[in-house]
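Notes for the one structure printed next.
Remember, it's 1-based here, ligands and their atoms both numbered in the order they're listed.
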Amino acid sequence: MELKEKMDRMVEELNAANYRYYVLDDPTMDDRDYDLKLRELEELEKDHPELARADSPTKRVGGEALSKFEKVTHPVPLNSLQDVFSMEELSDFVDRMLAADPNTVFSVEPKIDGLSVALEYENGQFVRGATRGDGDVGEDVTENLRTIHTIPMVLDNAPERLIVRGEVFMPKTSFRRLNRTQEEQGKPLFANPRNAAAGSLRQLDPKIAAKRGLDIYVFNVQLAEGKLFTTHGESLDFLKSLGFPTIPHKLLSKPNEISVEVTRIDAEREKLTCDIDGAVIKVNDLAQRERLGDTAKYPRWAVAYKYPPEIKETVVEDIVVQVGRTGVLTPKAVVSPVYLAGTTVTNATLHNQDFISQRDIRIGDTVKIRKAGEIIPEILEVVLSKRPENAVPYFLPDKCPICGAKTERDEDGAFLRCTGAECPAQLSRNIAHFVSRDAMDIDGLGSAIVDALIEKGYLKSPADIYYLTPEEVGSLWQKGDTAAKKLLAAIQDSKSRDVSRLIYALGIRQVGVKTGKVLATAFGSLDALEQASVEALTEVPDVGEVTAGFIADWFAQPQSRHLLERLRQAGVNFQSLRQVGDQRFAGVTFVLTGALSRFTREEATEQIENLGGKVSGSVSKKTKFVVVGENAGSKERKARELGIQILTEDEFLDMIRE
Ligand code: AMP
């Protein structure tokens with residue numbers, strides 16, 4: 001079979017599997033088969049970019065990042081809807097429509113709480129997708145939309161030009177997963193799925209959007225060249241036949257049926273995969289819509305019924321503080337159980353000190369609580385009239401509730417963090433950092449092994465790694481003699497690493513790999529660094545006052561000193577191994593590309609840096625040399641274009657040896 005034909009067939013097969021999986025929720029292809037095939041296609045496309053199709057499923061993982069979003073003018077504006085807030089207002093609308101035409105049929109749909117987008121297809125190909133913006137002009141988010149698996153990239157038998165409108169949302173499961181990751185990474189949480197969806201769709205890097213698990217419901221044909229529909233329902237059926245995930249809708253004509261359906265949607269919203277904030281009631285007949293027309297802002301033929309958010313009163317019984325894996329202290333209110341929007345709520349997030357202070361939430365207070373984005377219960381306000389006399393303002397502790405170390409405000413001031421180098425809450429993460437490749441680089445100490453060692457009680461601090469006995473390590477494997485020996489050797493090996501790695505491994509705030517190196521060069525040893533004053537630290541290039549403060553604070557902590565002492569006793573190297581003598585590459589920037597045969601990238605980088613040079617990831621006018629290994633690609637090309645000197649690995653070796 002010809003390659004092109006093979007690749008086309010793969011695209012079609014994967015797209016079909018994708019549709020079954022994401023839109024119909026009825027997978028036909030095994031996950032692993034899908035992944036393997038996708039990878040094979042990816043490889044083929046890499047080798048033959050000219051044969052890669054625009055609708056290839058590989059495009060869904062996110063392409064190049066953008067520097068900004070282009071503006072898009074919507075050929076058909078994305079209108080807003082008139083809101084109604086009560087059943088009376090809703091029945092006024094229904095009565096008005098029926099008075100004008102007693103045969104009116106209504107489409108009743110959930111109002112998805114996400115972001116409106118327009119998807120544009122030309123000759124059946126997805127060509128552009130844009131946010132609503134102000135309704136007339138939005139932003140081009142095509143690349144991010146491509147990552148949404150339920151949006152078809154090609155359509156069979158579609159009109160020459162088709163624009164559909166839909167609502168992008170973040171399913172509740174994706175939202176929970178995202179916030180869990182945010183928390184693990186010490187990043188702020190998203191308040192609700194809508195914010196998270198908006199933030200994700202407006203990512204300049206589609207790879208980030210691709211990871212966020214967004215989804216869509218389409219609910220309108222904006223434009224379909226050469227195609228005539230008589231009703232909205234018919235147009236939705238058409239969209240469905242093209243493979244779009246269409247909004248669930250019921251066609252009803254009696255006022256009481258409509259209110260029952262609106263109430264049913266509200267009652268069942270917990271069961272939906274996404275958040276909704278109301279129901280939309282639309283006239284189904286398109287000619288009738290035409291006759292009714294629009295006001296300046298809204299169509300006259302539809303209204304959005306907004307469900308009141310359920311708010312209840314409860315009592316704050318206690319405020320507890322949790323310490324996350326990154327050391328962030330998160331206060332939580334323990335409240336008397338209340339039934340709210342489908343679940344029994346027993347606690348509410350308090351985010352941080354500012355949140356508590358702004359609302360002046362105290363233990364014993366009666367508070368109004370609601371579910372933000374229907375998931376995380378949140379305290380809206382205190383009912384002051386019910387405040388007990390002895391209630392006192394609440395402040396987060398200045399010591400970590402887990403390990404007793406000092407707590408400290410985050411860089412942006414919003415969060416408090418525990419600074420304990422041996423804090424049990426952060427242990428697994430601290431150790432993972434300590435052993436990571438750029439830090440002590442201990443091969444074989446993956447997170448599962450670390451967690452097992454913590455579980456068994458063998459690791460209570462990163463320093464304990466160097467005190468593990470052969471029996472303790474051996475206990476991890478049933479027949480693990482070789483594995484255990486290898487791990488112990490790797491641990492032993494890591495003792496002699498350059499101190500720059502140790503400095504980075506300690507996990508001092510704002511001290512990354514680069515700062516670790518700069519500090520090692522400037523002070524020569526960990527002991528000298530420990531003794532350094534804030535002034536001396538600030539004199540080091542790249543170290544500002546804030547970082548200097550973090551470093552000094554870190555060394556002042558009893559837990560840090562304990563950690564250092566045990567590392568020293570274990571024989572971990574505290575000295576800089578760099579020969580600062582020869583700095584012949586000072587001010588010279590290298591770029592490494594392709595596979596080097598005699599070094600790893602890290603080793604080559606280390607050599608260059610030892611001689612005072614810098615290594616950059618991309619070729620620019622500032623690059624002096626590009627070292628090319630096997631299969632070098634675009635960087636070599638770019639270097640040639642810019643007339644930058646290219647070195648083979650041998651030439652590079654000679655240069656170092658000189
Ligand atoms: P509003 O933003 O309050 O004016 O409400 C109108 C918005 O509701 C539209 O911009 C759509 O993004 C959104 N929406 C969600 N679901 C639907 C639906 N089924 N039909 C129409 N609009 C919807």
Side-chain angles (χ1 to χ4, degrees), residues 72 74 76-86 89-90 93 105-119 129-139 141 145 148 150-151 163-172 192-198 200-202 214-223 229 231-240 244-252 258 261-262 264-266 268-269 272-286 289 292 294-309 373-374:
V72 174
H74 299 297
V76 180
L78 274 60
N79 282 331
S80 195
L81 290 171
Q82 165 102 61
D83 288 332
V84 295
F85 294 99
S86 66
E89 283 180 318
L90 174 60
F93 164 75
V105 175
F106 298 88
S107 172
V108 183
E109 309 167 2
K111 183 167 186 294
I112 310 295
D113 195 10
L115 290 108
S116 216
V117 294
L119 309 175
T131 60
R132 170 171 160 197
D134 62 4
D136 292 316
V137 180
E139 284 177 326
V141 288
L145 289 168
I148 300 181
T150 43
I151 298 182
I163 304 180
V164 303
R165 178 171 177 186
E167 192 84 354
V168 168
F169 61 91
M170 184 173 285
K172 292 173 190 169
N192 56 48
R194 212 200 90 84
N195 287 358
S200 306
L201 200 60
R202 297 200 69 259
L214 296 174
D215 205 340
I216 192 169
Y217 272 125
V218 301
F219 59 79
N220 201 49
V221 171
Q222 300 289 99
L223 185 151
F229 303 106
T231 66
H232 172 65
E234 198 183 287
S235 70
L236 288 182
D237 290 344
F238 173 68
L239 291 180
K240 193 167 184 176
F244 286 100
T246 45
I247 191 90
H249 63 288
K250 271 202 185 143
L251 298 176
L252 304 167
I258 294 170
E261 177 60 8
V262 166
R264 185 195 67 82
I265 294 175
D266 187 21
E268 294 192 355
R269 60 208 280 193
L272 293 176
T273 55
C274 61
D275 273 345
I276 60 170
D277 61 343
V280 188
I281 301 91
K282 307 170 176 172
V283 169
N284 189 41
D285 189 273
L286 300 181
R289 284 188 183 184
L292 287 158
D294 299 343
T295 68
K297 274 164 81 184
Y298 313 113
R300 286 202 185 84
W301 44 263
V303 287
Y305 175 81
K306 291 274 177 86
Y307 297 120
E374 310 310 326

CA sep, side-chain torsions, deciding dist, call: I216, I112, side-chain contact (heavy atoms from CB on, under 4.5 Å): CA-CA 9 Å; I216 192 169; I112 310 295; over 6 Å; no
Test log, rule side-chain contact (heavy atoms from CB on, under 4.5 Å), inputs L236 and I247: CA-CA 8 Å; L236 288 182; I247 191 90; 3.9 Å; yes
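Shown here are the side-chain hydrogen bond (donor to acceptor under 3.5 Å, both in side chains) partners of D266, two or more places apart in sequence or in another chain: R269. Annotation: side-chain hydrogen bond (donor to acceptor under 3.5 Å, both in side chains) contacts of D215 (sequence neighbours excluded): T150. Take R264 and apply the salt bridge (Lys or Arg N to Asp or Glu O under 4.0 Å) test, not counting sequence neighbours, and it matches E261, E268.
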List of N/O pairs, ligand 1 versus protein, all under 3.5 Å?
unit_1: ligand 1; atom_1: 3 (O); unit_2: K306; atom_2: NZ; d: 3.3
unit_1: ligand 1; atom_1: 4 (O); unit_2: S80; atom_2: OG; d: 2.5
unit_1: ligand 1; atom_1: 4 (O); unit_2: L81; atom_2: N; d: 3.4
unit_1: ligand 1; atom_1: 5 (O); unit_2: K111; atom_2: NZ; d: 3.2
unit_1: ligand 1; atom_1: 8 (O); unit_2: K111; atom_2: NZ; d: 3.3
unit_1: ligand 1; atom_1: 10 (O); unit_2: R132; atom_2: NH1; d: 2.6
unit_1: ligand 1; atom_1: 10 (O); unit_2: R165; atom_2: NH2; d: 2.7
unit_1: ligand 1; atom_1: 12 (O); unit_2: S116; atom_2: OG; d: 3.0
unit_1: ligand 1; atom_1: 12 (O); unit_2: E167; atom_2: OE1; d: 2.4
unit_1: ligand 1; atom_1: 12 (O); unit_2: E167; atom_2: OE2; d: 3.4
unit_1: ligand 1; atom_1: 16 (N); unit_2: I112; atom_2: N; d: 3.1
unit_1: ligand 1; atom_1: 19 (N); unit_2: E109; atom_2: OE1; d: 2.9
unit_1: ligand 1; atom_1: 19 (N); unit_2: P110; atom_2: O; d: 3.2
unit_1: ligand 1; atom_1: 20 (N); unit_2: K282; atom_2: NZ; d: 2.9

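Aromatic pair Y305/Y307: centroids less than 6.0 angstrom apart.
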